[in-house]
Undergrad: 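Handing you this structure, nothing more for now.
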Amino acid sequence: MKSWKTIVLCLILIFFFGGCSEPPEPLEEPEPLPPNILIILADDAGYADFGFQGETDLSTPNIDRLASRGVVFSDAHVTATVCSPSRAGLLTGRYQQRFGYESNSPPASMGLDAAERTLAALLKEQGYRTGAFGKWHLGLQDEHHPNYRGFDEFYGFLGGSRSYFPSPLQDRPGSPRAIMHNREYVSFEGYLTDVLAERAASFIAESKNRPFFAYLSFNAVHTPMEADRADMNRFAGHQRQILAAMTWAMDRAVGRVIDTLDELGIRDNTLVFFLSDNGGAAFNNSRNLPLKGWKGNKFEGGHRVPFLASWPGRIEEGATFTGLTSSLDIVPTALALALPEGSDIPAGLDGVDLLPFLLDDRQENPHELLFWRKEDASAVRMGEWKLIRLDDYDSVLYNLEDDLGETSDLSSANPDKLSEMISLLESWEEELEEPRWHEGEGWVRVTRNIHQALMDNKEPGRIAP
Ligand code: CA
């Protein structure tokens, strides 16, 4: 029989809570969420322009801290030496030439084939919340809009090369440089690099009970060279003042996003990649040393990029990975984490899941071969060997282990290696589609002249049309 105290308690419980049943069993521990994926992409940043890459006169303390809490890849490459095709390879995990996406312009023709699935679309299928922040540069038409390519949330601009400040000329409906929030044109205040980080940080905070994929695609440090006044003052007298200030702002923005992960307690469940979309450009004062070449050409300075992965507690911290790696690898690596255990990674990807290399500290090459091609210039990498072929001109062969600066053409001394690599390139080309659009004649001519000069170890004359 219940005591009067119990009866009173029951009446109170009935009044307030509608019952007096036994207290519920403690809830089972919720299933841990699959790891979040965060890709932070810099635009046209120099190989040598980050503290974690070695000596530099630029300051990147937050990105350096990210590197110290992860693995730095010393031989990592993007799939193109210009913005747009590089992003097509990065987000699909496939050589973009497979679907005719080879060149950078003209913007009206470019766009990611509807049949290609982006990492966002693939992760969305696994229940991820997906967001893109910043420069899109994968097509201006409706069907190419990030909201139709797997991203639940988009805040940024569809084209390239926009101002870092509000701009009456660019911020008008229909402009490929206007800022959009999803499908709406919006205005913003402040310095765009900071605004993009704020947007990404809010998205992450709103996603904390769901796995998320955030793609933070800065336009920094692409031209136009525009910096925040306070950042400019900080670097007064610096030889590369504007670039130093823009890089400092990008670093602050990275810090803002990483701090958000720390504050939310999800840092150890988030795999972060940081890389640049192509080599440092000729027009933004960036430096790619000790590499030869820059954005737009097939020398290492065009496609070997700063690249790091950070996942504290899971992959090694403060380590360097020397194997041949590609931006193509991000898609299969992310999928390996997101897919249910025992699932196969979709067929047709050109990337390699990097987790076995990172988790088991295997220092082998994820790739035996890597390929590049745009217009008349192509390249192949096989182990220490690198071939650059300029159609109807010449092919050069370098041994990168002895000659990272690509100055000694060994093609005459190694005819067998030369023909082996040319036939590997030709076999790969047989798998590709014809390019669906081409760069303007002026750029094709200038790029060809630059290749010719650099192949002959000469200073190129013109570097712009
Ligand atoms: Ca770029």
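Ligands are counted one by one from 1 in listed order, and the atoms in each one are counted from 1 as well.
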Undergrad: Sequence neighbours excluded, which residues qualify as salt bridge (charged side-chain N to carboxylate O under 4.0 Å, His left out) partners of Lys386?
TA: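 So Lys386 forms a salt bridge (charged side-chain N to carboxylate O under 4.0 Å, His left out) with Glu300, Glu406.
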Undergrad: Between Asp44 and Lys295, is the closest basic N to carboxylate O distance under 4.0 Å?
TA: yes
Undergrad: My understanding is that only one of Glu375, Gln96, Gln97 makes a side-chain hydrogen bond (donor to acceptor under 3.5 Å, both in side chains) with Ser103; could you say which?
TA: Glu375
Undergrad: For the pair Arg256 and Asp194, find out whether any cationic side-chain nitrogen is under 4.0 Å from an anionic carboxylate oxygen.
TA: no
Undergrad: Taking the basic N atoms (NZ, or NE/NH1/NH2) and the acidic carboxylate oxygens, is any pair closer than 4.0 Å for Arg87 and Asp43?
TA: yes
Undergrad: Around the Ca ion (ligand 1), how many protein N, O or S atoms are found at less than 3.0 Å?
TA: 6
Undergrad: Would Phe133 and Tyr155 satisfy ring-ring contact (aromatic ring centres under 6.0 Å, His included), going step by step from the backbone distance to the final call?
TA: CA-CA 5 Å; Phe133 306 91; Tyr155 183 95; 7.6 Å; no
